[in-house]
Amino acid sequence: MSESSRESQKQAVAPAVIKSNSGISKIWLIPLITLMVSAWFVLQEINSRGINIEIEFETASGLEAGKTQIRIRDVVIGHVDKIELNDDSTGVLVTAVLDKEAEKYLRSDSRFWVVSPRVSLAGVSGLQTLLSGSYIDMAPGISEQTTRYFVALNAPPVTPIGTPGIRLFLNSEKSFTAQVGDQVIYRGLAVGRIETVNYDLEKRVARYSAFIEAPFDRLITSNTRFWNSSGIELELGADGVGVTTPNLESLIAGGITFDDPEGMPATHPFNRDKVFQIYPSFKSAMSHRYTEKVYFLLLIESSVRGLKVGAPVEYRGLQIGQVENINVRLAEHKLEVDEASYKIPVLISVQPGRANLSDDKSGRDFINQQFELWLKNGLKASLKTGSLLTGAVFVDLRHDPKDNNSSVQHIAGYPVIPSMPDEIVQFTDQLSTTLDKINDLPLQGVAQDLRYLLQDLSKSANAFNQASASISSKLTEFDMVQMNETLGNLNLLLDRFATEDSGVSSINQTMIEIQNTMRELTPLLQKINTSPNSLIFKSQVTPDIEPRGASR
């Protein structure tokens, strides 16, 4: 190629122009679209998968991953995805997947529990799971706080969340076998249930929470008293035998009863944190309706068998208090070596409310003043038997007219009411004294003499029997016919003398002559008696000296 052609080619080629491009290349649209499609698939997967939550159970009984359902009011909202042990192997951690719509129910107070066939005193439940299998039931909460971790209940909740009513707290220091689900009864009508049961090992007190449904929650006042109504109540006390029976359901399943005692002061709103006491019986609950008490001390010298805490304290037949403690420990009442018997300290209380006084400080002050005056005028206390069947005794207060100028003694800050034995104890003492005197008699010697006397009487009786037999034999030998004839002749002779006057007159004349003759023979008989030999010999008897009269 010539040089001219080369130059013409150089002139024909246009110069290159270089420009800068700051925009995004269209080639990046492809990965961007791919990323968006992938994100859409991920979101779809997340939305289709639902919400993951964790629920801790004690055991995995009835649960199966991928099969066990989670329901609300029998509507399926999820299922169990995975089951594994927790970190310390004390329970089971269940991972569940819920529908997206169920997120609004996941509150901190939401509850989960396993529904399975259950038989209890309250009834039979969960029979539908015999065919479909167990499932997890959920009770939505009402708290504003949300969570994804829950601790399941061992049993279905007694009261659903949101039920109108009031929740109470109860304590029981006595033996009480209430269980979760037991009834709370008001005058025979079930108005609530016991929700939880716990036991305080330090204070040894059973603690309960109970829910009272509306509108019966308005029956709970500051004066409300609760007592155990489980089973038949058989009471053997100073008043005799008492039997109380609740309704049939409470008799089988148990429960507690509440009411406002009569004669209580006006009610007022109570603190929701107040803890009510569960008393063992209706009588115990009614006896604790009075708040004010005045305490006195008794020093009992006789036996306290049959006296129990809660026994009535009566004044002229009216109960005004009760026994609080028996053989109470007092700092000023120490055991010492003493010839006298040990006096058992018994603490009693007098309640102003029982004495128709105001149940407040003014009533307590009145009792203190009245009893101080009575103690100075001989008020005494004694134990009396209230029931011969049960042997229970009570404290009787009465006045002793022989002691009207006494001083009031105090021990450990308590006024002391002097005690005196009751009539039975006095009768027993007198009977014992009489028996001791009988034992001191020489009964052995008397018994010996009585034995000899009985032997003599036995011999005399034998002799009498022999004499009677002899007389009977003689009488049988005696000729009764001849005797009758002799008596008849004698009667005829007497009749003749009675009818003949000459015979009677001659007998009378003869008797007169016999009397005259006896008068004449009397001096001779007297002389013969004094001097029998005077009939043969001359009498040597000096004649009696006759006194002469005085010379003039």
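Given the structure is predicted, the values throughout are model-derived calculations rather than measurements.
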Inset, instruction - Could you walk me through whether Leu98 and Ile70 pass side chain to side chain contact (heavy atoms under 4.5 Å, CB included), step by step? - result: CA-CA 8 Å; Leu98 303 183; Ile70 299 177; 3.7 Å; yes

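- Once rounded to the nearest 0.5 Å, the distance linking CD1 of Ile348 with CD1 of Ile320 reads 7.5 Å.
- You'll find the side chain of Asp81 stays beyond 4.5 Å of the side chain of Asn52, heavy atoms only.
- For the side chain to side chain contact (heavy atoms under 4.5 Å, CB included) with Leu307, the qualifying choice from Ile300, Ile344, Leu383 is Leu383, the only one to do so.
- A salt bridge links Glu103 to Lys100: one of the charged nitrogens lies within less than 4.0 Å of a carboxylate oxygen.
- Taken to the nearest 0.5 Å, the NZ atom of Lys343 stands 4.5 Å off from the CD atom of Glu301.
- The pair Asp260-Arg225 does not meet the salt-bridge criterion, since no charged nitrogen lies less than 4.0 angstrom from a carboxylate oxygen.
- The minimum heavy-atom distance linking Gln179 with Val197 is given by the pair C-CG2, 4.1 Å.
- In this structure a side-chain-to-backbone donor-acceptor pair under 3.5 Å is present from Asp109 to Ile142.
- Using a 4.5 Å heavy-atom cutoff, the side chains of Ile326 and Val328 are not in contact.
- In this structure, a donor-acceptor pair under 3.5 Å is present between the side chains of Ser358 and Asp360.
- With 3.5 Å as the limit, one finds no donor-acceptor pair spanning the side chains of Thr147 and Ser108.
- Atom CZ of Phe211 and atom CD of Glu213 lie 6.5 Å apart (nearest 0.5 Å).
- Side chain of Asp200 to backbone of Glu202: a donor-acceptor contact under 3.5 angstrom is found.
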Inset, instruction - Would you sort out whether Glu56 and Val94 count as a side chain to side chain contact (heavy atoms under 4.5 Å, CB included), showing the intermediate values? - result: CA-CA 6 Å; Glu56 185 174 351; Val94 174; over 6 Å; no

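- Side-chain N/O atoms of Thr163 and Thr159 include no donor and acceptor closer than 3.5 Å.
- Of all non-hydrogen atoms in Thr221 and Arg218, the two that sit nearest each other are CG2-O, 4.5 Å.
- Atom-to-atom distance recorded for Gln409:CD and Ile417:CD1 is 12.0 Å, nearest 0.5 angstrom.
- By the 4.5 Å heavy-atom criterion applied to side chains, Ile53 and Ile55 are counted as neighbours.
- Note: Asn228 CG to Ser172 OG = 7.5 Å, rounded to the nearest 0.5 Å.
- The two residues Ser61 and Val114 make their nearest non-hydrogen contact at O-CG1, 4.3 Å.
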Legend entry - Evaluation steps, side chain to side chain contact (heavy atoms under 4.5 Å, CB included), between Phe216 and Val184: CA-CA 11 Å; Phe216 301 103; Val184 179; over 6 Å; no

Inset, instruction - Begin with the C-alpha distance, continue with both residues' side-chain angles, and end with the deciding distance and a verdict on side chain to side chain contact (heavy atoms under 4.5 Å, CB included) for Leu106 and Arg148. - result: CA-CA 7 Å; Leu106 299 179; Arg148 298 291 178 92; 4.0 Å; yes

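- Put simply, the side chain of Ser110 gets close to the backbone of Gly141: a donor and an acceptor are under 3.5 Å apart.
- When all heavy atoms of Asp88 and Thr90 are compared, the pair lying nearest together is OD1-OG1, 2.8 Å.
- With 3.5 Å as the limit, one finds no donor-acceptor pair spanning the side chains of Tyr135 and His79.
- A donor-acceptor pair under 3.5 Å links the side-chain atoms of Gln319 to the main chain of Gly321, judged by distance alone.
- Annotation for Glu144: atom CD does not count as buried by contact number, only 12 or fewer foreign heavy atoms lying within 6.0 Å.
- Looking at Arg71 and Met138, their side chains never come closer than 4.5 Å, going by heavy atoms from C-beta outward.
- At a threshold of 4.5 Å between non-hydrogen side-chain atoms, the residues Leu397 and Phe371 count as touching.
- Contact check for Arg207 versus Leu170: no side-chain heavy atoms found under the 4.5 Å cut-off.
- Between Asp365 and Lys361, at least one side-chain nitrogen of the basic residue sits less than 4.0 Å from a carboxylate oxygen of the acidic one, meeting the salt-bridge criterion.
- Side chains of Ser349 and Glu324: a donor-acceptor N/O pair is present below 3.5 angstrom, by distance only.
- A heavy-atom distance below 4.5 Å is found between the side chains of Ser382 and Arg398.
- Between Thr146 and Arg107, the shortest heavy-atom contact is CG2-NH1, 3.5 Å.
- Distance alone, capped at 3.5 Å, is enough to place a donor-acceptor pair between the Arg193 side chain and the Gly181 backbone.
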Legend entry - Criterion ring pair (Phe, Tyr, Trp, His ring centres under 6.0 Å) on His399 and Tyr315, from CA distance to verdict: CA-CA 10 Å; His399 299 277; Tyr315 174 76; 5.7 Å; yes

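- Although no hydrogens or angles enter the test, the distance criterion places no donor-acceptor pair under 3.5 Å between the side chain of Thr224 and the main chain of Ile220.
- Of the inter-residue distances, the one linking Leu379 atom CG with Glu372 atom CD reads 12.5 Å to the nearest 0.5 angstrom.
- For the pair Asp396 and Arg316, the tightest heavy-atom approach, listed with the atom from each and the gap, is OD1-N, 4.3 Å.
- Among the candidates Phe57, Trp113, Phe112, the single residue satisfying the ring pair (Phe, Tyr, Trp, His ring centres under 6.0 Å) test with Phe150 is Phe112.
- Residue-environment remark: OH (Tyr186) exceeds the threshold of 12 foreign heavy atoms within 6.0 Å.
- Put simply, the side chain of Val416 does not reach to within 4.5 Å of the side chain of Leu298, judged on heavy atoms.
- Thr257 contributes no side-chain N or O that, together with a main-chain N or O of Trp227, makes up a donor-acceptor pair within less than 3.5 Å.
- When only modelled atom types and interatomic distance are considered, Glu195 and Tyr208 share no side-chain donor-acceptor pair under 3.5 Å.
- A side-chain donor-acceptor contact under 3.5 Å links Ser419 to the backbone of Leu299.
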